[in-house]
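Keep in mind that this is a model prediction, so the values were computed, not measured.
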Amino acid sequence: MSSSVRIERVTKKFGEFKAVDDVSLEIEEGEFFTLLGPSGCGKTTLLRMIIGFHAIDEGSILFGEKRMNSIPPHRRNIGMVFQNYAIFPHLTVAENIAYGLKARKVDRAEQSARVEEALRLMKLSDYAERSPAQLSGGQQQRVALARAIVIKPSILLMDEPLSNLDAKLRIEMRSVIRDIQQSLGITTIYVTHDQDEALAISDRIAVMNAGRVQQVGRPREIYSRPRNTFVASFIGTTNFLKASVIASDETSVQLKVLDGGIIRLPQRRARVGDSLSLAVRPEEASLVGANDGTTVNGIITKATFLGDTMNYIIELPNGASLDVNEYATAADSLHKCGDRVGLRFDEKKVNIFASASGEALA
Amino acid sequence: MMIITKAKQGAPDRFWKIATWIIFLLVAFFLVYPFAGLLFRSFFSAETGKFGLSNYKQFFGFAYYFRTLGHSFAVSALTTFFAVLLGVPMAYAVSRYNIWGKRLLRILVIISLLSPPFIGAYSWIMLLGRNGFITRLLSGIGITIPTIYGFRGLILVFTLKLFPYVFLYVSGALSSIDGSLEEAAESLGMHGVKKLLTVTFPLIMPTILAGAVMVFMTSLADLGTPMLIGEGYKVLPVLVYEEYMSEIGGNAAMASTLSMVIVVCSLTVLFIQRMIIGKRVFSMNGTHPPAVKPLALPGRIALTALCYAVAFLAVLPQATTIITSFLKTKGPLFVRGFSLESYRSVWFKLSSNIAHTFTYAIAAIAIMILIGILSSYVIVRRKSRLTSLLDLLLMSPYVIPGAVLGISLVIAFNRPPLILTGTAAIMILSYVIRKLPSILRSSSAILYQLDPSVDEASISLGVPPLATFFKITAVMMLPGVISGSILSWISTINELSSTLILYSGQTGTISVAIYTEIFKDSYGTAAALASMLTLATVISLLVFNKITEGKGSVV
């Protein structure tokens, strides 16, 4: 039976270093939940605490209502897919998949029925008797997934499962994983450092840094309303401009951008005099003629054609530079290096962060 | 609640802790205790029984003792020099030029390495000794050749027997150098010899040195060869053996002191090697193997002939023994014609020696595999101060010559609490201690390659950690362990140095029988026994090649 997971104030120390620092999370039954963060942020450590390979120093982890701290890994009934697949090299594909069923002493007839079903589900039926060494990376990945789900685990854990695959296969496999998860309705906790993957695959994401959870939310929330500057810069690309609040009323707030013009945003708890960072994503700015009622002006120092979009690096008079994207087809004419341009920002989409704390003012 | 938690999660931990401690205690009792006893004993005067440095003073004061140190160093140093001189160019020729029959060449070289050194000594005596075939042949036409006994014979036998270490080490290194490194050197204007001196040799220097150290230590430690061919030219192990034999029933004090001198020599050599290599170890994973240069026909023929000439000299002892074993004999004399007489008399007189060799080796290998798997697992996967110490201790027999180990075991176990002298157990014990390092090394190597997440996958699928070790980890280690144990097996059946100290009337092995038959001038039976060992060695080697699919390294 699929199960919810509750992580309550969990901490893991390695010597003095806190790999996981007072983390609390609630993962719903059947949810696809991703732990996202740079390497060393504690995401894998947390995953290994959930399965039980790392002891829990403080706090508790519950599956449903059951506290798991004292249950050894082999009795937690968790399916896990490892980064390097961890296929047993001395067993065939079918034997690999049957391994967990044998451990559970499932009777023979049911064993072979379930193995067959898993092979079919993962499109591996033709490879049942092959040895793992004869399989491609993508096929090994499927074996690893089949082996993890065939035991009907209450939770499925995946530790950077796609990082060893090439770009194209990665995109294909992530939709395979998502489809399987949906059709089985299994609670899944997925670890990755790849933000695109996390955004594409997850119901919800927890962004982690330095052992702490920075933000939990749906992919769109995290992308469009990051809670702090770390999340804003880790997910996607963000340009930060220094600005200060010059006027504020019930519905709006006016900012003066350093070495630039004034921009009026919908009110977001900002007070006159606050100094803050204005966060603008490359697609939230548009290029217009210089000084055409624009927020800032600058000179294009680099123009890169990316197929569907043009990417411009624009240097401002104060030396800061901005990264701006424009749909190649939407632009009237493509700009080139050395062009003087003005920038207009999308007031509804840009975010502001308090300079001192880096926290979002929402 | 917490207590229950710890008990549950601790079960596999406890198993490994107990296993570690059991192995550690075994090592302490069977290796550290005897060796410490030997060290202790070396400080008791051989004459007065007083504690002090008198034995050491005697060693360095009396030319009779001290000279052997010089002899040992001279023999080992020159052997090493010639082995490098032979091994490096041959390795270069085989790995970089298109000579014919490279596989056969390798097999010949390996056979010469793996067969017991004293067979080499014995065969060269058969050929060039006072009554040797070639000696007689040449004296028939009026040519007398210089004597084979003593210094020259030792160098000849050791060089031909041990250059394969250098050859095998260096050809491994030469073929794992990334070919693009040499190509880069050429593109930067370094050709021919200059390229070799600036790129190739600096890269394989640590490997050459490692091979040289193996040669030096093996020749320094060997007892059988100098016993047979050394005659008046005494080296340290011989002196140890003689002192020990004359002190039997006494306190083996001088033998202990001499033993310590050899161990210190080995350690010094090892230490110098480490100092020289330091951080100059280059990890090379040749993704782009170096090119093999095609030679024009005359050059190709010449180089092939040269390599085979060396390999032929190296396996000549084996060929000689096999031929000799089928010769007709009359007492100590060979007479015209072939027969199976020698084998017949071996069968009637010495079949128990054959049985001993194989049963002891099987017992030793079984124990080695068990201890090897368990201890390499705790050393690699459960690192702690205790397991690092265990690693160091288990590897230490590398620097302890067989005769020294044998004496230390006799001193320790010829009295309570445990009396083992004269039993099969003490011989098996010495084989386990001496050959365990190579099994340990091969199983650790394979464990380092195995990803721990494979174990974790098994645990996550519901198999408890200990069951996972036996179902997954041990099974995956097995190929490495088995290939390692075949090599240990080969050197166990050929072992002489410690056997010579430890055997009794009831526990003689083939190697002991060969040795004693030679001293009884029963060359025919000695040859028959030696041929059996060679045959067993070759068969084992073929099995090894089969298991490792020809990719296994014997050194």
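Under the side-chain hydrogen bond (donor to acceptor under 3.5 Å, both in side chains) criterion, the residue pairs touching residues 470-483 of chain B are Asp455(B)-Thr473(B), with sequence neighbours excluded. Residue pairs meeting the ring-ring contact (aromatic ring centres under 6.0 Å, His included) criterion with at least one member in residues 131-155 of chain A, sequence neighbours excluded, do not occur.
The pair Asp57(A)-Lys13(A) does not meet the salt-bridge criterion, since no charged nitrogen lies less than 4.0 angstrom from a carboxylate oxygen.
Proximity to chain B at a heavy-atom threshold of 4.5 Å picks out nothing from residues 108-139 of chain A. The stretch residues 84-92 of chain A places Asn84(A), Ala86(A), Ile87(A), Phe88(A), Pro89(A), His90(A) near chain B, each with some heavy atom under 4.5 Å from a heavy atom of that chain.
Proximity to chain B involves both the backbone and the side chain of Arg147(A), based on heavy atoms less than 4.5 angstrom apart. Val463(B) touches chain A through backbone and side chain together, each having a heavy atom under 4.5 Å away.
Heavy-atom contacts from other residues, nucleotides or ligands closer than 6.0 Å to CZ of Arg9(A) number 12 or fewer.
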Checklist entry - Given Ile367(B) and Tyr431(B), is the side chain to side chain contact (heavy atoms under 4.5 Å, CB included) satisfied, shown in steps? => result CA-CA 10 Å; Ile367(B) 298 170; Tyr431(B) 298 152; over 6 Å; no
Next on the checklist: Does Thr44(A) form a side chain to side chain contact (heavy atoms under 4.5 Å, CB included) with Arg48(A)? I'd like the steps, not just the answer.
Outcome noted: CA-CA 6 Å; Thr44(A) 295; Arg48(A) 292 173 67 81; 3.9 Å; yes
Next on the checklist: Set out, in order, the CA-CA distance, both residues' side-chain angles and the distance that settles side chain to side chain donor-acceptor pair (under 3.5 Å) for Thr187(A) and Glu29(A), then state yes or no.
Outcome noted: CA-CA 5 Å; Thr187(A) 312; Glu29(A) 196 180 313; over 6 Å; no
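Results of the side chain to side chain contact (heavy atoms under 4.5 Å, CB included) test with Leu156(A) over Ile186(A), Ile189(A), Ile78(A) single out Ile186(A) as the only residue that passes.
In this structure, Phe53(A) and Phe82(A) have tilted ring planes: the angle between them lies in the 30° to 60° band.
Aromatic ring centroids of Tyr190(A) and Phe33(A) lie 6.0 Å or more apart.
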